Amino acid sequence: MGARDVLVKATPDVQQRLLELQAVDTAMAQLAHRRRTLPDLATIAEAAQRLGALSNDGVRAQTEIGDLDREQRRLELDVDQVRARSERDEQRLVSGAVGSPKELERLQHEVQSLARRQGELEDQVLELMERRETADAVMQDINRSVERATAEGDEATARRDAAFAEISTALSDDAVERGRLIETLPADLVALYERIRAGSGGTGAAALRQRRCEGCRMELANTDMNRARSAPPDEVLRCEECGRILVRTPESGL
Ligand SMILES: [Zn+2]
């Protein structure tokens, strides 16, 4: 690998500080990951989606209520007309003004048929009122669901905001710590570290602990262990497996 050509030297304490920098970078990556994957984000999105669907349901229910009300008013007008006509007929019947038996019979017949018609219309009004009650119940159900989804969304938003604030504070603290560490590290080491880190999932430097590279978790072969043992302390080693900067520690097993 080309990076191997870069000869970087750093004293053991500088190499230790590189591990501190790596720890800060790992912590920052974890904070960013936590911010991206907060369960509250899914809850908020889900609540918003539910509210969208409920809004459509609400429009539909409201339209049905409007239609039923209009239909009921129309039927009630019909009932009023039939009733008025029936009253007029009754008055004529009792007034004695109608002398012709044929006309009397016609009026009586009409009164009967108007009464039937009125009964039918009143039944329809009753049926409409029942449908109106059902529609009202549906609307109340929707309103309760809206309240619930709104509350859940609001609570999740408050939790998200609190978590974001906390993460943001931690990230700022880490950024300060990162800047402080970078200032104490040689530029060529930092450049090498950054280049490896960018290509290795965020880990540029790893400790050698109990013969194992903590970057890739692989145990070093005997030849590599011998090389790590005999290399000058200020030589910056690289893991043969993963290419990461390998920092020797008192627990390396050398
Ligand atoms: Zn490795």
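Bear in mind that the values here come from a model prediction, so they are computed numbers and not experimental data. Along the sequence shown, residues carry numbers from 1. One-based numbering, in listed order, for ligands and for the atoms of each. Only this structure's heavy atoms are used, side chains among them; waters, hydrogens and symmetry mates stay out.
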Got a donor-acceptor contact below 3.5 angstrom from the T203 side chain to the G215 backbone?
no

Sequence-distant partners of R229, side chain to side chain contact (heavy atoms under 4.5 Å, CB included), two or more places apart
M225, N226, L254

Distances under 2.8 Å only: what protein N/O/S atoms are near the Zn ion (ligand 1), ordered by chain and residue?
C213 SG, C216 SG, C239 SG, C242 SG

Going by the rule side chain to side chain contact (heavy atoms under 4.5 Å, CB included), which residues pair with Q62 if we only count those two or more places apart in sequence or in a different chain?
I65, M139

With sequence neighbours left out, what residues match A231 under side chain to side chain contact (heavy atoms under 4.5 Å, CB included)?
E235, L237, R248

Side chains of I245 and Q22: does their closest heavy-atom pair fall under 4.5 Å?
no

Do R85 and D89 make a side-chain contact, defined as non-hydrogen atoms from C-beta onward lying under 4.5 Å apart?
yes

